[in-house]
Amino acid sequence: MPAELTERLAALFQWIDPGPGTSHLISDISGWWRDPGVLADLGPALVAPYRAARPTVVLAPAVTGLLLGPLAATALGVGFVAAHKPGDGRLPAGPLTWAQSPPDYRGRRVELAVRDRHLGPDDRVLVVDDWVRTGAQIHALNDICAARGAEVLGAAVVALDCPPEVAATLRITGLITGAELPG
């Protein structure tokens, strides 16, 4: 991956203090979406480590995955499948395959669902997301793929901020590490 993309990702990122009564800072990645050069480079950079494995579909969770997934899918010339969350108010109609994540970095268990008709045994899946700290959502997406008979090739994320053993187990690659983001 070009070093200039990593530098731009770091420069456009910031931590925000949401104010009194909160226990943690919030990551602000909105600068990534505002920069047309970053948008143009994200899809190809995310898929580069997986291109030779020939994914047939990109799978990504709502909400930021709905932006990143299509960028990655377009770079590969394949389709995109969205994973929905019941709390986002946009659950699709029809049969869904559900999985619940293990606890995430805040101790939450996230439920995810994928339309059955969009994922099947002939699929070779690349999972895409913006940030991974515990791998919880990626784990749930892998469970959905297993239930549908699809093969997961790995996961590509923008910010890789999880322990190395999690990244190795879930086959996650990232464009920037948590340590490279400004503190």
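Contacts classified as side chain to side chain donor-acceptor pair (under 3.5 Å) and involving residues 36-46 (residues at least two apart or in different chains) are given here: Arg8-Asp41. The ring pair (Phe, Tyr, Trp, His ring centres under 6.0 Å) analysis of residues 130-183, with sequence neighbours excluded, yields the pairs Phe13-Trp131, Trp15-Trp131. Pairs passing the side chain to side chain donor-acceptor pair (under 3.5 Å) check and including a residue from residues 62-82, sequence neighbours excluded, read Thr64-Asp130. Listed by first then second residue, pairs satisfying side chain to side chain donor-acceptor pair (under 3.5 Å) with a partner in residues 172-183 read Tyr50-Thr173, Thr177-Glu180, not counting sequence neighbours. Residue pairs satisfying the ring pair (Phe, Tyr, Trp, His ring centres under 6.0 Å) criterion with at least one member in residues 154-178, sequence neighbours excluded, are absent.
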In residues 19-26, what donor-acceptor pairs under 3.5 Å come from side-chain atoms, sequence neighbours left out?
residue : atom : partner : partner atom : Å
Thr22   : OG1  : Gly19   : O            : 2.7

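When hydrophobic residues (I, L, V, M, F, W, Y) are linked wherever their side-chain heavy atoms come within less than 4.5 Å, the members clustered with Val157 are Val57, Leu59, Val81, Val110, Leu112, Val114, Leu119, Val125, Val127, Val132, Ile138, Leu141, Ile144, Val152, Leu160, Val166, Leu170, Ile172. When hydrophobic residues (I, L, V, M, F, W, Y) are linked wherever their side-chain heavy atoms come within less than 4.5 Å, the members clustered with Leu96 are Leu91, Trp98.
With sequence neighbours excluded, no residue forms a side-chain contact (heavy atoms from CB on, under 4.5 Å) with Asp122. A search for side-chain contact (heavy atoms from CB on, under 4.5 Å) contacts involving Ala40 returns nothing, not counting sequence neighbours. Here Asn142 pairs with nothing under the side chain to side chain donor-acceptor pair (under 3.5 Å) rule; sequence neighbours left out. Partners of Thr56 according to the side-chain contact (heavy atoms from CB on, under 4.5 Å) rule, which considers only residues two or more places apart in sequence or in another chain, are Asp123, Arg124.
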